[in-house]
Amino acid sequence: MTADVNAPAPQTDAPLLALRGVGKRFANAVTALDGLDMEVRQGEFLSLLGPSGCGKSTALRLIAGLSEPSEGRLDWHGEEQARRAAGQPSIGFVFQEPTLMPWASVFGNVHLPLKLAGIGRREAEPAIAEALELVGLSGFRDAYPRELSGGMKMRVSIARALVTKPRLLLMDEPFAALDEITRFKLNNDLLDVWRRLGCTIVFVTHSVFESVYLSSRILVFRARPGRVVAELAIDPNQPRDEAFRTSPEYAGLCRETSQALARAMDPR
Amino acid sequence: MTADVNAPAPQTDAPLLALRGVGKRFANAVTALDGLDMEVRQGEFLSLLGPSGCGKSTALRLIAGLSEPSEGRLDWHGEEQARRAAGQPSIGFVFQEPTLMPWASVFGNVHLPLKLAGIGRREAEPAIAEALELVGLSGFRDAYPRELSGGMKMRVSIARALVTKPRLLLMDEPFAALDEITRFKLNNDLLDVWRRLGCTIVFVTHSVFESVYLSSRILVFRARPGRVVAELAIDPNQPRDEAFRTSPEYAGLCRETSQALARAMDPR
Amino acid sequence: PAAAADKVTFGTNWVAQAEHGGFYQAVVDGTYAKYGLNVTILPGGPQANNRLLLPVGKIDFYMGANMLQAFSSVVEGIPTEIVAALFQKDPQVLIAHPDVETFEQLKTRTLFISKEGLASYYQWLVADYGFSENQVKPYTFNAAPFLVDKNSAMQGYVTSEPYAVEQQGGFVPKLFLLADYGFDTYATTIETRTELVKQNPDLVQRFVDASIIGWYNYLYGDNTKANALIKQDNPEMTDAMIAFSIAKMKEYGIVDSGDTTTLGIGAMTDARIKSFYDKMVQAKVLKPGIEIARSYTTQFVNKGVGKELAPK
Amino acid sequence: MERSPFRWLLPIGVLALLVAAWHFIVTLNNLPPYVLPAPGAVLETLIRDRAVLFGSMLVTLETTALALLLAVAGGVGLALIFASARIVEFSLFPIAVILQVTPVIAVAPLMLIYMSTDSAVLLCAWIVAFFPVLSNTTLGLNSVDPNLRDLFRLAGASRWQTLALLRLPTALPYFLGGLRIAGGLALIGAVVGEIAAGSAGQGSGLAFRIVESAYRLNIPRLFAALLLISLAGILIYAVLSLLSWLALRRWHESEIGGPA
Amino acid sequence: MERSPFRWLLPIGVLALLVAAWHFIVTLNNLPPYVLPAPGAVLETLIRDRAVLFGSMLVTLETTALALLLAVAGGVGLALIFASARIVEFSLFPIAVILQVTPVIAVAPLMLIYMSTDSAVLLCAWIVAFFPVLSNTTLGLNSVDPNLRDLFRLAGASRWQTLALLRLPTALPYFLGGLRIAGGLALIGAVVGEIAAGSAGQGSGLAFRIVESAYRLNIPRLFAALLLISLAGILIYAVLSLLSWLALRRWHESEIGGPA
Ligand SMILES: Nc1ncnc2c1ncn2[C@@H]1O[C@H](COP(=O)(O)OP(=O)(O)OP(=O)(O)O)[C@@H](O)[C@H]1O
Ligand SMILES: Nc1ncnc2c1ncn2[C@@H]1O[C@H](COP(=O)(O)OP(=O)(O)OP(=O)(O)O)[C@@H](O)[C@H]1O
Ligand SMILES: [Mg+2]
Ligand SMILES: [Mg+2]
């Protein structure tokens, strides 16, 4: 499978979700987020970048509705608002840890979201096979999680998030455990998926290069309390390919992003 | 703390360990390694690079003695041989997963190897504080693992491996979950530790850049069955600093390594 | 002199109650002391715990329930024997609702019988009267199932269960004392080790004599102190219950009837024991050929001890 | 060794050692059979009275099996009800505890008023056996990996799906642990139930044999009956351990590396 | 709700409901007290006979506490021995199972030959209670995260250190689960032990009150005794749950989010 990196990007400017003055304080008095304002736009590929422990995962969990903000609010817009009201959010989440069910095979783990949607084994088979093919694990469908390498587990988790073709894809450092070549391939595959499905992706990464290569927009976080300190927009219609990766424009964007990140780490 | 990147590297050419024709086959008939020949030299910084699932973690576990090869053998040399015979291997291991004890605080987790060596809380305090300072977690000594972000957990794990100042340090993608700035800082800190302690480091990574920046030697693995397909030596006395990172020499080495990796991924 | 008194322990087979009255009497009125004995009574419980303590020497005398157990001791080679029988009649009774007129009618009733009962006298009821095991339901020393099931009867001690039935059920039940229908075992015996009989017959004699006197005094004398001790050992016991038990013991001649008028309380005769054994063999409760003579000795009883204490 | 067929010899060897010790204690101290019968005498009795004893054992085993089955059904069923919310668990657990601590010996007569002997025995055995299943299963149902729980939440899993596909598998090792405890308890529950409420006479279980033997002071026979109970207990435990191994060997730490 | 102080009202409310149902069953069916006494009558008896009953309860509770303590010591001790190697566990577990399934009712008379009544009662209660602790602790000791085990191995941890610092903490939630089962079992073990081996008469425990009340058809009093046992059981369970919560709330899933 080769990604059609030249197809038009699905981005629109319609807002999907706005976080307004969101704060998150944990029981142990750690303030993970404070006064976080950010927007997620319909169909964009948004990357969150920031130092370790700055609240990226926390923000992603808030967006997913897995935890409630201690202050501020989340506003959903448009179609998605209706969907959520009807209790049919279509979210794919790749957790920072693989989060596989130890008692199920690779196939079973990837099948899970479909099964939960009432799609049986037989019916789900093609979609699962496709997802496993995408992450290069076709040969391991009957293996159990404990028989997989770290990167393989993470790939199963990615396949599981993609198999439902969700409208909103939240990914928490999905490629951190992967070698560069697999990573590049999956970068392209993900872009392809994004374009084909026209879905919205919020992507947490530590790699400046990756964020620039993939995103249509990058938010840079600072730590404790976590909030957005910089925003970079990248032309979504710019084709993402080897040529882009070696272009001076890319290098410039990376430098810019790196500087923003460096500032975020030492904001004083 | 700034790393003294210009101190002489501790490398010698004396072999520490040789793996000869090592194979590893798991109970489920997956052959993770087959005919692996490699050497670890006294005092070197050796990186293992290779596609996901190629057997890097498996090789590291064999070196650590955590699993036995199905075929072939491991020969320890010199001082280390005697040490092992006396049952006093001094190994620090950073697992691919954080592997923290959920019931112990950050302090307790880092204390663990010292405690096992009979060093009490009070006595161990300065070493633990130093290790936590190194990974930037001084403020979290009383937090429990489940209250930490993914990257923070991994940093605790790194601190735990460093706190004993081991003679052999085995690290399985220690920095994969970290942002680039933290990562760069820890890269330098690790080089500093390596030089100061004169220890041997075997380092698994997915980042070509990282491997070139850190290592005195790089082994590139191919997958199923896993074995070494390329070897690159980098002058250990070359200072590792921002200048090196931006030098054309560095870029060339990175390109060379990337190509070796690309060949490893498609060996036919 | 109290200092020289022999310390002996007497184990009973149930919690303290009027059926043990004579022994308590001998304790409180100093009869045992007078016979040079310092007696401790160790009450039993629903499990016949104390019985095994006799052969191993933890207790010196044991209150046996009936002759059957003594016979099985012979079968199992346990060196104990009966030295006195305080109850001439086994108080074992079948308790029925008032509509039951005859013993025969019980054959059509559900019978609540304990496991021990089923293994012993009930086999005799099957053999001699044509009762059936199928009509039996377990008796768990609680009369409620009997009270609820109007078409049933249950086992009991004539001196004991009928009281609870009268109180709670509000009717006077029909009682069929098995002894009156031919189940002629002795009951509430004193058992001791054969070795003790051989080596210290004097001690045994003193215990038997004092106990017999205790029984005379308990039945016919002032038993208030004995009853107080019973109530102390068993706080569940009430004066009404004790009065009921004593009345029944007298009414049915449990302790003092038949041979006792001539031989005194505690009497045992070879003929009676032989007759009972033969019946049990007939009923297949016991095997033939048991040396029953080894299960008892009459050397300590039939001497008319204490007879003068009985009202004329 | 851990995997060799000889491993089965070990527990048997240990038991043999125990029996030998027992034998020597009896012969050296010259203990009479009513204090402690020699193993030989017990075995002899077992063989001589095999018809009666094995017949009784079958009756008891039947009760045990049924009680265990019902304990599983009841324990898991209650655990599922409790699992619906912490607050339900909190409100209803006292009732389960009351059931657990009710001495069946005391309530058996009341049971007999309303049910047949067999049902009463079964109920007694059930009361004794259900709690470990309930308690361990509840613990297991509450020990779900929070990340996996989030995953299910996100995937829009219904309460029921989360239960079936997440909480139940998580609870499986705990449940199987509870089951191993319940197995032995069902057996003694059956025996105690028989003592408390069981029928006597022909066709009755081992408890009656025990009571009867005790009454007749036939201690070797009492021990033969106890021996059968012990064997049944070991058998039940072995079967449940095997079951546990079969269910968990592919993924749970406790069973990776061979059946316990 | 889950955290509010009113949560304590819920189980009490449920129990109150149960008592009300009990009351109406009795009055509507006009049940005689010997079949099922009304709650009022039971309470009355409880208050009237409080001196005797509470005295007995103390005796029983003392036995229970001691038995539970010994069950923990014995269960954990055996689990530690078993933990030394799978093969040891495999060889010795049958003995533990034999102990578990031995009906104390049957062997109590034999125990009395060798020990005092009090010890025999204690032993009975112990036999009933130790197994869940043993079984769950063993399961927990074998459920160690394999990565952590490797970590310890690498750090040159001694067998003893691995046990103390890794396996025991891992086993803690399992152990505490076993303890909650054992708590109730120790209580019924004490009651059964008292019935089987206990001396009757003054200073004896609740079991004796129960047996004697049943025999005398003083059913309200029997229920008063049962009530006390139930209350004791709930109390023990609550204390053990609290203990469990205190020990695990900072790290184990089963207790994060409030005591069960
Ligand atoms: N459950 C929790 N309880 C208490 N504190 C928490 C909890 N989860 C996260 N935190 C704290 O919140 C802060 C942000 O955590 P978060 O996981 O969002 O960081 P992150 O940006 O994802 O970091 P990383 O890149 O290392 O994964 C951290 O300081 C962490 O210690
Ligand atoms: N316990 C196991 N049982 C069976 N197969 C295993 C086991 N551990 C690893 N494998 C297999 O061995 C191969 C090598 O695994 P290993 O973990 O060494 O890979 P790796 O190079 O570390 O990969 P990654 O970069 O993804 O961590 C994989 O194909 C994996 O499926
Ligand atoms: Mg994170
Ligand atoms: Mg790996």
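In what follows, every chain begins at residue 1, and chains take the letters A, B, ... in the order their sequences are listed.
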Just checking C:Lys7: does its NZ atom have more than 12 heavy atoms from other residues, nucleotides or ligands closer to it than 6.0 angstrom? no
Please check if atom CD in C:Glu166 has more than 12 non-hydrogen atoms from other residues, nucleotides or ligands closer than 6.0 Å. yes
Between E:Tyr34 and C:Gln168, which heavy-atom pair has the shortest distance, and what is it? CE2-O, 3.3 Å
Looking at every heavy atom in both E:Leu217 and C:Leu147, which two are closest together, and how far apart are they? CD1-CD1, 3.6 Å
If you round to the nearest 0.5 Å, how far is CG of C:Leu52 from CG of E:Leu112? 9.0 Å
